[in-house]
Amino acid sequence: MLTNRPRGTNDIIPGEVEKWQFVEDVIRDVCRTYGYREIRTPIFEHTELFKRGVGETTDIVEKEMYTFIDRGERSVTLRPEGTAAVVRAYLENKLYTGPQPVKLYYIGPMFRYDRPQAGRYRQFHQFGVEVLGAHSPGIDAEVIAMAMEVYKRLGLRGLELHINSLGCPECRPKLRERLKEFLHTRLDQFCPTCQDRFERNPMRILDCKNEKCRALAAGAPTTLDCLCDECSAFFEAVKEHLEDLGIEYVVDKKLVRGLDYYTHTAFEIMAPGIGAQSSVGGGGRYNGLVEQCGGKDTPGIGYALGLERIILTMEQQGVKFPPAWRPDIFVVTACAEAERTAFKLLSKLREKGYKADKDYNGRSLKAQMKYAGKLNARYTAILGENELKNGTAMMKDMNTGEQQEIPVDKIPELLGGK
RNA sequence: GUGGGUAUAGCUCAGCUGGUUAGAGCGCCAGAUUGUGGCUCUGGAGGUCAUGGGUUCGAAUCCCAUUAUCCACCCCA
């Protein structure tokens, strides 16, 4: 128990964490170039926020939230996604009083109580962006373009961008009616979940992965069939922008997405080969959400990707990560008297910004060399009686094996200066 | 929430139909005479065989339960 992490969580240890840092660096850099600024919201929020924001009938709220009562008898919940909290922060901090739109991003852990499997964990990490207060289709295209840029910069290939339009509160009821009309006659042939969906959220039936259901729903009216003129024009404009930017996409009429707040544009990015959980990112427009959370009618669009899945996909595609940490120089002592000098030398080198290290386990000279080799040090600096007397160090190039004795203050020169 | 697989050293695994002190490779630590890593050789540490029951003269091996983990369904990132 004491030596086991909780189910569905992960330790990201040295060797692994460098990959994460690389991905995070790329993400932050792309965000900077696109003009998105970071926001950090709490890891937990009032339970009510997610119930209202994400939607009472979603799987997230119904069965996946980490909810508990705190010592003040408030119900709080570990955040299962980022959007609701960002919207809350937008309202609470009155970000709507500044220049619009507000373009934000976040990176951090999310929590969902689900059965873990490949690419799915109870604590997982998301990078996400949210744009509040922009209504034009251009921003939809920008968010998608930015997402694709992140994947590209990370070296991922073969991803598929699926897009769809879910319509607005005006065309939505129309779809619902026509859909129910269509499904009504053969409802008993659908899987139990779909039968259950019929009343609660018939749109989700289009999204069912069950083959039989797919076949039965083949000719069903889709969201696109029911778009009002305005929504239709909006969707066309988004596609046009994507084409202008040279971004390939497929219109996926069955893409519905599970969170209640989506309207208009919905999109998802799929990666082949990482198991059943093939979605490496998704998002869409949520024009009703801000109002739902108690603000004024404000348009919004967002996107999120899962870092675990991104890294899995990168590994699976053989993407090269930056090399691991290695010392520029490893200081080795050949006699007991050299210890204090070695310590001071080490400190000076570090002050100058070199990655430097030494042994702290009282190893023999030979074992120190071995250790330096394992750490993959570029150079070792050997300090012995002669070197102490001369104020020098025996510098050994660990790749070539060549060595030369030089004055201690010439070491930076040998290392390439800094 | 549902289904299936797996659980032996730090890691990857072997251990035949139950039979004595549970093994290998890699890794770790140390040594192979003078102050030098990588290759080689030698030695060492390290296992309540996931946990708890049961069957048996005898269980890592068979049975049951629990837990963990992986994979899939569902859903999503």
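Reminder, nothing fancy here: chain letters follow the sequence lines and each chain counts from 1.
Partners of A:Ser75 under the side chain to side chain donor-acceptor pair (under 3.5 Å) rule, at least two apart in sequence or in another chain, are A:Thr47. In this structure, the ring pair (Phe, Tyr, Trp, His ring centres under 6.0 Å) partners of A:Tyr113, at least two apart in sequence or on a different chain, are A:Tyr66. Under the rule for a ring pair (Phe, Tyr, Trp, His ring centres under 6.0 Å), A:His241 has no partner lying at least two apart in sequence or in another chain. A search for ring pair (Phe, Tyr, Trp, His ring centres under 6.0 Å) contacts involving A:Tyr303 returns A:Phe267, not counting sequence neighbours. Annotation: salt bridge (charged side-chain N to carboxylate O under 4.0 Å, His left out) contacts of A:Glu16 (sequence neighbours excluded): A:Lys19.
Of the candidate nucleotides B:C28, B:A77, B:U36, B:U36 has the atom nearest to the side chain of A:Leu365. Proximity note for A:Asp114 (side chain, C-beta onward) versus B:U36, B:G1, B:A30: the nearest is B:G1. Comparing B:A77, B:C74, B:G35 against the side chain of A:Asp59 picks out B:C74 as the nearest.
Applying the ring-ring contact (aromatic ring centres under 6.0 Å, His included) test to residues at least two apart or on different chains, none of the pairs has a partner in residues 380-413 of chain A. For residues 357-390 of chain A, every residue pair satisfying the ring-ring contact (aromatic ring centres under 6.0 Å, His included) rule, not counting sequence neighbours, is listed here: A:Phe330-A:Tyr371. Here ring-ring contact (aromatic ring centres under 6.0 Å, His included) pairs that include residues 122-154 of chain A, with residues two or more places apart or in two chains, are A:Trp20-A:His125. Sorted by first and then second residue, the salt bridge (charged side-chain N to carboxylate O under 4.0 Å, His left out) pairs involving residues 121-149 of chain A (not counting sequence neighbours) are A:Lys103-A:Glu142, A:Asp140-A:Arg285.
Base contact: A:Glu387 has a heavy atom under 4.0 Å from a base atom. Within the 4.0 angstrom heavy-atom criterion, no nucleotide atom of any strand lies near A:Gly128.
Taking only distance into account, the side chain of A:Arg120 meets the base of B:C74 through a donor-acceptor pair shorter than 3.5 Å. Below the 3.5 angstrom threshold, one finds no donor paired with an acceptor across the side chain of A:Gln368 and the base of B:U36.
The CZ-P distance, from A:Phe111 to B:A77, rounds to 16 Å in whole Å. For the pair A:Leu375 CG and B:C28 C1', the computed distance is 14 Å after rounding to whole Å. As rounded to whole Å, 10 Å separates atom P of B:C28 from atom CZ of A:Arg363. Between A:Phe127 atom CZ and B:A77 atom C1' the separation is 13 Å, expressed in whole Å. Put simply, CZ on A:Arg112 is 17 Å from C1' on B:G1, counting in whole angstrom units. Taking atom CD on A:Glu308 and atom P on B:C76, their separation rounds to 18 Å, with Å as the unit.
Contact check, A:Lys396 against B:G35: no side-chain N or O comes under 4.0 Å of OP1 or OP2. The phosphate of B:U2 has neither OP1 nor OP2 within less than 4.0 Å of any side-chain N or O from A:Lys63.
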| remark: Given Watson-Crick and G-U pairs under 3.5 Å, RNA chain B in dot-bracket ([ ] crossing, | other strand) is (((((((..((((.....[...)))).(((((.......))))).....(((((..]....))))))))))))....
Pick out the pairs of N or O atoms, protein on one side and nucleotides 32-34 of chain B on the other, that lie under 3.5 Å.
none

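Heavy-atom nearest nucleotides on RNA chain B were determined for A:Ser364 and for A:Asp397, and the one closer to the 5' end corresponds to A:Ser364.
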| Footprint string (nucleotides 65-70 of chain B, 5' to 3'): B base within contact, S backbone only, - free, heavy atoms under 4.0 Å | ----S-
